[in-house]
Structure formats: structure tokens, C-alpha cells
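Below: the structure, in C-alpha cells.
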Protein chains: 2
Amino acid sequence: MTSATSAAPASVRRSGTKGVARADREQQILDVAGRVFAEHGFTATSVADIAERAGISKPLIYNYFGSKEGLFERCLQVASELLVAEIERTAQLDVVGIDRALATLDGVFRVLAGRPWAWQIADDATAPEVGLALLDSYRRRLEDIAVVGVGQLLTLAGDHDPLDLEALTAVWSSVFSALVAWWIEHPDVTPQEMTSRCGRLFGAVFGVVPAAPDA
Amino acid sequence: MTSATSAAPASVRRSGTKGVARADREQQILDVAGRVFAEHGFTATSVADIAERAGISKPLIYNYFGSKEGLFERCLQVASELLVAEIERTAQLDVVGIDRALATLDGVFRVLAGRPWAWQIADDATAPEVGLALLDSYRRRLEDIAVVGVGQLLTLAGDHDPLDLEALTAVWSSVFSALVAWWIEHPDVTPQEMTSRCGRLFGAVFGVVPAAPDA
DNA sequence: TTGATGTGACTCGGGAGTAAGTTACCACGA
DNA sequence: TCGTGGTAACTTACTCCCGAGTCACATCAA
């Protein structure tokens, strides 16, 4: 209708707005960036690659996020808020022991559906200086919660060694990461299926069948 | 004679051999490189950094290893041979279940003493193309062994789901990595202490006290 | 003297970051 | 209903620096 479309260059898009609002575009970039950062790590990821995958140009990223580090920080922030909120919510529930672990896993799987990179991004060994502080506080908050659950288990077993607590907490975090990583490699599996799978595995390992979480 | 050397600086060492044999120097470079690669990942590590930490110059590394990727591959190879040999040795023993897991951990901790990077290097998400094949075959050999042990546990619990086996194997590998990583952050702890710590933790988690390995 | 060990000083490509321009949407007045 | 500016969204085409890889040469043990 509007006249201008008459001799519009059908194939090649040139510069100029595409009618996408800044907020939407930022969201889209964050999603792509999070995925790529999680896959290759901060250093091995190039801004040009993110731009290409997002179907935009590099300067737009700099326009919206200032720098590669700024983009990474925003990704971390998104992931942090998402996960910490969910895990703190689960920690409020009055379940303990294995059932608490399962409930936490279940919540995280639900939150992570569609953006599984949010968990992986915290394990980046190549994160820039500025991100380290954020990363640390983020990890610390998650570990503070894990320590409580793990501590219950160890106390129950009569183990009061603080280093044992520290080590087992690290192990538990790692188990969590491994399950998420496995899930990412099996995209067809739903969060619900993951939770019931974890239930089975916990049962086999601990020799008990935990109560099924409300599915 | 040569004009510039007029005021020959007594302190600064210039070029020329330092009397170190190639084999020794290669070993030294591999050790430094493995450490740095494990810490920062392949991409985030610069050859110049490795050279500086080893107290030599960059071209010597290229002279001995051809390229950054070549150096990385050699590191992988060293780590692979070291660990696969030890784990296959342990797999020959006729212990099963938790005791087998403990025996494996014990052997690996002993092998890793002094070069803990050998385990971490396999988890590099930024590894170059050429290293990927090597990395995969390396991981696969370790996992083939892990699968047997994990399979015993699951079968015992009446779980015959192949995906469960796959997931739990990934978890077990991850537990292994976490314990090694924790150990690296606590350099004072001896391999023997690590093994007994693992025994305690396993006991707490599995609710049984496993037989102590021959220390 | 010869060959192994070793280095200073380069080249060159790739990726972070930038300057300046281009296009489309959207008020607002006539 | 139509221009018409103003501004937000977007790009091309750069600069610049850091790090991989190289070359020619220096030193020393035998």
C-alpha cells in the first residue's frame, strides 16, 4: 500500500531500523549471547559471532551493552536472578534431605527450560575480571543454600568435619551441574521427566525410594 | 667487535644454550603448559605466558612443539596415558561397588599428586578442533570403565534404563572431577588423606562404611 | 667447527571497539 | 491526507591492539 514498497530491494536488507523495540532486541541478544558464552566460554566467544547468530550487526551490541564484558555481565545477572530466586524459594519449603534435593532440582529444571545456558555460564573459567566478583557472589549465594542441605546429611551421619562439609558441598554442586549438562544434551527430555529420572537415580544410589514430588 | 656489545651486561642472560637437554626441557614445558591450560582453558592461554612462566622464550616452544595446538595435544596425551593406565589398572582388581570407586579414586589421587592439572584439562570447553578427537577418545575410554561400575550399582537397584545409566555415569565423572578440583584448592592435603576423606563422605552418603583400602 | 639450544625482533591475521552515515517509524502542523 | 522533521534503530567500513607464528642470529658443549 504505502508507495515506498514499490521498488523495495527484495533481497538485500540495508541499514536502518527493522522496527524492533530496544527491550525486545536486548532480550534476544541476551538469549543468544548466553547460549554461546555457555557453550564456548567468554574468551573463545567473539562478539561478531553473537551478532551473526542474532541476525544483527556488531555495533548494535556495543550500542546496547557497551562492551563484551558488559554483555557478559548482563547474561550473568539474568542467570543469577533467575536461579537464585528459584533456589531460595525452594529452600523456604519445609522438606529436608533427599526430598529437598529433589525439590530443588525440580524447580531448577523448570526454570531452566528453554534457557539451559543459565546454569552453565557460572562455570566459565575464562570469565573476565569484572565478572568475577559478580560470579563469586552468585555462586556463594547458591552454595550457602547447598551447605545447609549437605550439612543436614553429614550431621545425620555423625560427621562434623568442616572440610568434609566443604568438599561434599562442592560435590553436590557438581552433581547438579552434571545433571543439567546431561539434560542439555538431551533436549527432548522434559523437566518433569528429568525430575523423575533424578528420583530413580537417587533411589538407586541412596538405597531408598524418596517421596515423589508433586508433578 | 660487534658494535652493540661494547658494554656487555653481566647480569642479563642472552641467547644460547643453558645446558638443558631437550627431553628435560620438553617435560618442564609440558608441566607448565598443562597447569596454565587447565587453569584458564586453551583459548584464554597465551603461548607467551607459558614461555614466561617456564623461564624460556616463545620460539623455543614452537621449535619443540610446532604450534599451540601441538603443545595442547601433547599435554592431553600425557594426561591421558597417565590416567587411563591407572584407571585400567584399578579396573582389573576384583573389588566391586563402592569399594571399587574408592580404589579408583585412591589410585588417581596418587597419580595426580604433583600434576593435578591432568584431570582438569579434559574438561576444557575451548579446546581446538584437532584436540577434540583426542579428547573424545580419552574421555570415552575413561567413561567405558565408569559405565561398568555404575552399571553394577543400577542393576543391583533393579534399574535397567539405558538413559539412567548414561546420566548416572555423567554424574559419577562429575563427582570425580569435583573431588579433584577440591583437592587442587587444598594443596596441603595428601592423596592418602583425600582417599580417607572420600571414604567418610561415601559412608555418609550411602549410609554404609566401606572397607578401608590398603593405605 | 658443528650442531643443539636458545633468543630479539619482527610479520600478520583476527577480534574488540568506533565514527559516521542510512533507513524507518512517529509525532505534528497544514 | 499529506508532507516533514526528529529520533530511535541499524549498518558499513574503518582503527587498533594483542597474540600466534617466523626469521635470522647468538651462544655454548663436544
Side-chain angles (χ1 to χ4, degrees), chain A residues 1-29 33 36-37 40-73 126 128-130, chain B residues 1-6 8-29 33 36-37 40-73 126 128-131:
Chain A
M1 196 146 190
T2 55
S3 59
T5 50
S6 57
S11 51
V12 229
R13 288 280 166 184
R14 311 196 132 257
S15 61
T17 181
K18 293 171 184 165
V20 179
R22 172 165 184 156
D24 295 344
R25 193 60 97 185
E26 282 188 353
Q27 205 57 43
Q28 180 206 354
I29 294 173
V36 184
F37 279 142
H40 301 297
F42 176 80
T43 309
T45 298
S46 80
V47 176
D49 184 32
I50 295 173
E52 189 183 351
R53 293 207 201 191
I56 54 155
S57 70
K58 205 169 49 154
L60 192 60
I61 292 180
Y62 283 92
N63 194 13
Y64 286 173
F65 299 96
S67 67
K68 186 184 178 185
E69 294 191 354
L71 176 60
F72 184 75
E73 271 189 86
T126 74
E129 288 290 326
V130 288
Chain B
M1 206 181 184
T2 54
S3 55
T5 48
S6 56
S11 54
V12 239
R13 289 279 164 184
R14 308 196 138 255
S15 60
T17 181
K18 293 170 184 166
V20 179
R22 174 165 182 155
D24 295 344
R25 192 62 96 185
E26 281 189 354
Q27 205 56 45
Q28 180 207 355
I29 295 173
V36 183
F37 279 141
H40 301 298
F42 177 80
T43 308
T45 298
S46 80
V47 177
D49 186 31
I50 294 174
E52 190 183 350
R53 293 206 202 191
I56 52 153
S57 70
K58 202 169 51 150
L60 193 60
I61 291 180
Y62 282 92
N63 194 12
Y64 286 173
F65 298 96
S67 67
K68 185 184 179 185
E69 294 190 354
L71 177 59
F72 184 75
E73 271 188 87
T126 75
E129 289 290 325
V130 287

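Convention: sequence-line order gives letters A, B, ...; per-chain numbering from 1.
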Next item on the list: Run the numbers on B:Thr43 and A:Thr126 for side chain to side chain contact (heavy atoms under 4.5 Å, CB included), then give the verdict.
Entry: CA-CA 9 Å; B:Thr43 308; A:Thr126 74; over 6 Å; no
Next item on the list: Determine, step by step, whether A:Ile50 and A:Leu71 satisfy the side chain to side chain contact (heavy atoms under 4.5 Å, CB included) criterion, reporting the C-alpha distance in whole Å, the side-chain angles of both residues, the deciding distance to 0.1 Å, and the verdict.
Entry: CA-CA 11 Å; A:Ile50 295 173; A:Leu71 176 60; 3.9 Å; yes
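Remark: A:Arg22 engages A:Glu26 in a side-chain hydrogen bond (donor to acceptor under 3.5 Å, both in side chains) (not counting sequence neighbours). Partners of A:Ala21 under the side-chain contact (heavy atoms from CB on, under 4.5 Å) rule, at least two apart in sequence or in another chain, are A:Asp24.
The 12-atom threshold is exceeded at CD of B:Gln28, counting heavy atoms of other residues, nucleotides or ligands nearer than 6.0 Å. Counting non-hydrogen atoms of other residues, nucleotides and ligands closer than 6.0 Å to CD of A:Glu52 gives a total of 12 or fewer.
Heavy atoms of B:Thr45 sit under 4.0 angstrom from primed sugar atoms or phosphate atoms, though from no base atom. Backbone-only contact: B:Tyr64 has heavy atoms under 4.0 Å from sugar-phosphate atoms and none from a base.
A:Phe42 contributes atom CZ, which lies 9.5 Å from atom CD of A:Glu73 (distance to the nearest 0.5 angstrom).
C:dG15 atom P lies 17 Å from atom CD of A:Glu69, rounded to whole Å. For the pair B:Phe37 CZ and D:dG19 P, the computed distance is 14 Å after rounding to whole Å. Across the protein-nucleic acid pair, B:Asp24 atom CG and C:dG6 atom P stand 10 Å apart, rounded to whole Å. Going from atom CZ of A:Phe65 over to atom P of C:dG17 covers 14 Å, rounded to whole Å. Distance NZ (B:Lys68) to P (C:dC12): 21 Å, rounded to an integer number of Å. In this structure, A:Leu71 places its CG atom 16 Å from P of C:dG15, rounding to the nearest Å. Note: CD1 (A:Ile29) to C1' (D:dC10) measures 11 Å, nearest angstrom. For the pair B:Asp49 CG and D:dC18 P, the interatomic distance rounds to 15 Å; values are reported in whole Å.
Of the residues in residues 54-63 of chain B, those lying under 4.0 Å from DNA chain D by heavy-atom distance are B:Lys58, B:Pro59, B:Tyr62.
Remark: B:Lys18 is not in phosphate contact with C:dA4, judged by side-chain N or O atoms under 4.0 Å from OP1 or OP2. Considering only side-chain N and O atoms, B:Arg25 lies nowhere under 4.0 angstrom from the phosphate OP1 or OP2 of C:dA4.
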